[in-house]
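Working notes, beginning with the structure itself.
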Amino acid sequence: MASVTKKQEYTGDYPEKTLYIPGPTEVREDVIQEMAQPMFGHRMDRMTDLYTTIVEDTKEFLGTDNEVIVLTASGTEFWEASTLNLVDENILVPTCGSFSERHANVAERLGKDVDRLEYEWGQAIKPEDIRETLEQSDKHYDVVATVMNESSTGVRNPIEEIGDVVAEYPDTYFVVDAVSALGGDYVDIDEHDIDVIFASTQKAFAMPPGLAVCVVSDDAYDREVDTESASWYGGFQRCLDYYDRKGQTHSTPAIPVMLAYRKQMKYMLEEGHEGRDQRHAEMTEYVHEWAREHFDLFAEEGYRSQTVSCIENTQGIDVAATIEAVSEEYDMVFSNGYGSALGEKTFRIGHMGEHTVESIKELTDAIEDVAGL
Ligand SMILES: Cc1ncc(COP(=O)(O)O)c(C=O)c1O
């Protein structure tokens, strides 16, 4: 295979940048420090203490009675695992941007029969469309898979209402990709019958990358028995049975990242999901107000993300040059629009994790200065 990529030696000599991208985001200094500990074995009692602590603390933070898996992986793993574990044949994937499209693509790669319900980018998935599709289709869908926060467009889909619709179909499982939402946008998982919901912890959990969290209902756990293609690494039963028997993970986890997660989860419990949700709502309100004053918002009104804002570049500023200058002059990094279609048409601000209205304001001040707004 011919490659154009050449080695660029990592020098360790880079200026620190404050992250306002849609993940990874800022991590507390003492949480980072937790990773610098002498190593221990993943079958030692100490590991059981660590893993049972982070799993039970996560359940408490999310306010769920469902089971929790904390896996050494990024969120992508649970696109694959949830498909392998739950889908025999048909899966319905409403698509409204790049990540929901990729979810559909993953399921296709795994040989499943995928029906997309396509929305224009920027539009939200509507529960009534899901109902209509489920009512009218002559297929049985094993899974309806919906992205909560479409990070490419800044859309927050109404997964609560969609969950209520899917719950009317007891043999259809509801899978939610909440990769960039969970931890900053509260959802009552049990109330809305969400069978599987997963997140990457480098986003609103404000963690170094390396772990994915997945919440699994009893039904989804049981379902795997009937599925011959179930995932090994992300098998719900393998992960959860191992937890049940030993309080550990089935294979060697990223222990340093789990140490950091333990510390971060204590902060998250201290703030509570209501407090965290409220702080994210305040940041969102601020960014929306700022965006309306200078630009516009790309996502459909009423369906806007609480962790990632996608701002429509109505002024025609040079997005790439602005990002570069803000990085050079202010050591702050935000994101362009997703892919070639939205690259210059929009830009994105991640207001997630440990950010506050004050820290977000520092970024918007910098953008104003650089772009001459
Ligand atoms: C909505 C959504 N789903 C899935 C992913 C993939 O997550 P990861 O890169 O952690 O595998 C992302 C990443 O940005 C995302 O935003």
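Numbering starts at 1 and runs along the sequence shown. Both counts, for ligands and for their atoms, begin at 1 and track the order of listing.
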Is the NZ or CZ atom of R28 positioned over Y267's six-membered ring, under 6.0 angstrom from the centre and within 45° of the axis?
yes
Do R245 and Y242 form a cation-pi contact, if we require the NZ or CZ to be under 6.0 Å from the six-membered ring centre and within 45 degrees of the ring's axis?
yes
Pairs involving residues 195-205, ordered by first then second residue, that meet side chain to side chain donor-acceptor pair (under 3.5 Å) (sequence neighbours left out)
D195-S217
Aromatic centroids of Y338 and F99 separated by under 6.0 Å
yes
Run the side-chain contact (heavy atoms from CB on, under 4.5 Å) test against E161 and tell me which residues pass, sequence neighbours left out.
P127, P158
Every pair of nitrogen or oxygen atoms between ligand 1 and the protein that is under 3.5 angstrom apart - can you list them with their distances to 0.1 Å?
{"residue": "ligand 1", "atom": "3 (N)", "partner": "D177", "partner atom": "OD1", "Å": "3.3"}
{"residue": "ligand 1", "atom": "3 (N)", "partner": "D177", "partner atom": "OD2", "Å": "2.7"}
{"residue": "ligand 1", "atom": "10 (O)", "partner": "G75", "partner atom": "N", "Å": "3.1"}
{"residue": "ligand 1", "atom": "10 (O)", "partner": "S200", "partner atom": "OG", "Å": "2.6"}
{"residue": "ligand 1", "atom": "10 (O)", "partner": "Q202", "partner atom": "NE2", "Å": "3.0"}
{"residue": "ligand 1", "atom": "11 (O)", "partner": "S74", "partner atom": "OG", "Å": "2.5"}
{"residue": "ligand 1", "atom": "11 (O)", "partner": "G75", "partner atom": "N", "Å": "3.3"}
{"residue": "ligand 1", "atom": "11 (O)", "partner": "T76", "partner atom": "N", "Å": "2.9"}
{"residue": "ligand 1", "atom": "11 (O)", "partner": "T76", "partner atom": "OG1", "Å": "2.6"}
{"residue": "ligand 1", "atom": "14 (O)", "partner": "K203", "partner atom": "NZ", "Å": "2.7"}
{"residue": "ligand 1", "atom": "16 (O)", "partner": "S151", "partner atom": "OG", "Å": "2.5"}

Please list every donor-acceptor pair under 3.5 Å in which a side-chain atom of residues 326-334 meets a protein atom from a residue at least two apart or in another chain.
{"residue": "S327", "atom": "OG", "partner": "K17", "partner atom": "NZ", "Å": "3.1"}
{"residue": "Y330", "atom": "OH", "partner": "D369", "partner atom": "OD2", "Å": "2.4"}
{"residue": "D331", "atom": "OD1", "partner": "K17", "partner atom": "NZ", "Å": "2.8"}

